[in-house]
Amino acid sequence: MIFPRLLIPAAGWIVLATIAAALVRGEDAGPDRLALERLASPPLGLPPVPVPADNPATKEKIALGRKLFFDRRLSFNNTMSCGLCHIPEQGFTNNELATPVGVEGRSLRRNAPTILNAGYSKSMFHDGRDTSLETQTINPLLARDEMANPSMGWILSKIRELGDYDGMFESAFGGGPTTDRIGMAIASWERTMLAGDSPFDRWYYGGEEDALDAQAERGFELFTGRAGCQSCHDIGPADALFTDGLFHDTGIGYHGDREDDGPVPVEVAPGQVIQMSRELVRSISEPRPHDLGRFEVTLEPADKWCFKTPSLRNVALTAPYMHDGSLKTLEDVVRFYDRGGVSHPGLDSLIKPLSLTEDEIGALVAFLESLTGSNIALLQADARSVKVGS
């Protein structure tokens, strides 16, 4: 698989060099301090981050949350961490799998969403079943196909026995580990994963006329005009999250719930695909689970196959795409919408065939590639600064 090339501006290298020099001198490089500064003053193009009044950010919470996020010992058999599905070098998601693999190789139904800019989300997961970063952590910790712990009490007992956590909860919260404090610590760190100051931001909000090339500018015109992308991926006058935060039926879920009898493409090696008979696939695999999206939360018929609109920030880093990871590239995504999604009675009325030319498809892809934040390398360094005991 070919990953997007990461462009780091001079300012980003200066920050990284400063951190490296401090480490060589044996000084505190200050990833927690830098995280707090980022939270207080988000990169260009991002709005202020909403922080709950009952969970103000501190360096101690951020350090604890980062450690918990990358600790495999928080899974039932000590093999899985949050960071194994949200990989820093892969856009804080997983570029290699359409849907992640959990404990003992158990397959998940849905693609791993990035945690970049997750602090702005009003609902969590593709179906919006949780409404807080503080509480969403409980689901993957207990889910049988993810980290598979039998209870939060089991996890708390394990943490209390791990010597490298001695004093960390007390320093951050004034008391020992609890379910609430695990969620509050991880949320505190995740809120600092702010990726902005993209070429688009510098062009649109910063007034740098040459920050975008002509092709990306043409893509912006299509995005906000005839292609209609902005209808769901908002761009505001002072900042942009590139999502309406709502739930839409694009046809992907409807199509995925209908299995035909044709051959199944199976990638046996990078770039090597064979066609396997559907009958053989059925004989060696479990039945494909249905996924009704938002309906599973609300039980409202109108919510069948509706999934949350993702932010498009840093989207060039977070392949594969859609809630099931079924589209491998940004070009695949643009062509999907150019075809008008998958026609069926519940298809969102905003989705219609676009009749784009090849040049227009390329322009939209170029615009989407311009949404990658300039500070990605710094966020990766932050994530990899953690030390987890064995």
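Predicted model only: the values in this text are computed from it and were never measured. Positions are given from 1 along the sequence.
Between the side chain of Y321 and the backbone N or O of L330 there is no donor-acceptor pair closer than 3.5 Å. Under a 3.5 Å cut-off, the side chain of D249 and the backbone N or O of D348 do not form any donor-acceptor pair. Side-chain atoms of T243 come within 3.5 Å of backbone atoms of T309 as a donor-acceptor pair (strictly under, hydrogens ignored). Between the side chain of K67 and the main chain of K387, a donor-acceptor pair closer than 3.5 Å is present. Using modelled atom types, one side-chain atom of N375 and one backbone atom of L194 make a donor-acceptor pair closer than 3.5 Å. Looking only at distances, a side-chain donor or acceptor of N95 sits under 3.5 Å from a matching main-chain atom of A319.
Applying the salt bridge (charged side-chain N to carboxylate O under 4.0 Å, His left out) test to D130 and every residue at least two apart in sequence or in another chain returns nothing.
Looking at E134 and S132, their side chains do bring a donor and an acceptor atom within 3.5 Å of each other. Counted by atom type alone, N139 and R129 present one or more donor-acceptor pairs between their side chains at under 3.5 Å. Side-chain N/O atoms of D180 and T178 include no donor and acceptor closer than 3.5 Å. With hydrogens and angles left out, the side-chain atoms of D382 and S385 include no donor and acceptor closer than 3.5 Å. No hydrogens or angles considered: nothing links the side chains of T357 and D359 as a donor-acceptor pair under 3.5 Å.
Separation of atoms CZ (R181) and CE (M168) is listed at 14.0 Å; rounding is to 0.5 Å. Interatomic distance, C229 SG to L350 CG, rounded to the nearest 0.5 Å: 11.0 Å. Atom NE2 in H126 sits 8.5 Å away from atom CZ in F307 (nearest 0.5 Å). Rounding to the nearest 0.5 angstrom, the gap separating the CG atom in D303 from the CG atom in D127 is 10.5 Å. The distance from the NE2 atom of H248 to the OG atom of S349 is 9.5 Å, given to the nearest 0.5 Å. Rounded to the nearest 0.5 Å, atoms CG (L212) and OG (S198) are 8.0 Å apart.
The aromatic ring centres of F220 and Y204 sit less than 6.0 Å apart.
Below 30°, between 30° and 60°, or above 60°: for F200 and F367 the angle between ring planes is above 60°, a perpendicular geometry. Ring-plane geometry between W305 and H344 is classed as perpendicular, the angle between the planes exceeding 60 degrees on a 0 to 90 degree scale with a lower cut at 30.
Looking at every heavy atom in both residues, G341 comes nearest to I351 through N-CG2, 3.8 Å.
Listed by first and then second residue, the ring-ring contact (aromatic ring centres under 6.0 Å, His included) pairs involving residues 147-170 are F76-W154 (not counting sequence neighbours).
In summary, of the residues considered (N117, D201, T114, T372), a side chain to side chain donor-acceptor pair (under 3.5 Å) with R313 occurs for D201 alone.
A heavy-atom distance below 4.5 Å is found between the side chains of R73 and D164. A heavy-atom distance below 4.5 Å is not found between the side chains of V334 and L354. Under the 4.5 Å side-chain criterion, counting only non-hydrogen atoms from C-beta, E146 is not in contact with M80. Under the 4.5 Å side-chain criterion, counting only non-hydrogen atoms from C-beta, L133 is in contact with Q136. The closest side-chain heavy-atom distance from L142 to M152 is below 4.5 Å. Contact of the F92 side chain with the L317 side chain is not registered, since no non-hydrogen atoms from C-beta on lie closer than 4.5 Å. I361 is listed as a side-chain neighbour of E331, based on a closest heavy-atom distance under 4.5 Å. Residues S121 and K308 have side chains in contact (heavy-atom distance under 4.5 Å, counting atoms from C-beta outward).
Ion pairing between a basic and an acidic side chain is recognised when a charged N comes within 4.0 Å of a carboxylate O; D32 and R66 show such pairing. Salt bridge status for R202 with D197: present, with a side-chain N to carboxylate O gap under 4.0 Å. Ionic pairing of K158 and D71 is not present here: no N-O contact between side-chain nitrogen and carboxylate oxygen is shorter than 4.0 angstrom.
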Start with the C-alpha gap between L356 and Y337, add the side-chain angles, then the distance that decides, and say whether side-chain contact (heavy atoms from CB on, under 4.5 Å) holds. CA-CA 10 Å; L356 297 172; Y337 285 112; over 6 Å; no

Do H290 and R109 pass the side-chain contact (heavy atoms from CB on, under 4.5 Å) test, and can you show the C-alpha distance, the side-chain angles, and the key distance before you say yes or no? CA-CA 9 Å; H290 290 287; R109 288 191 303 172; 5.8 Å; no

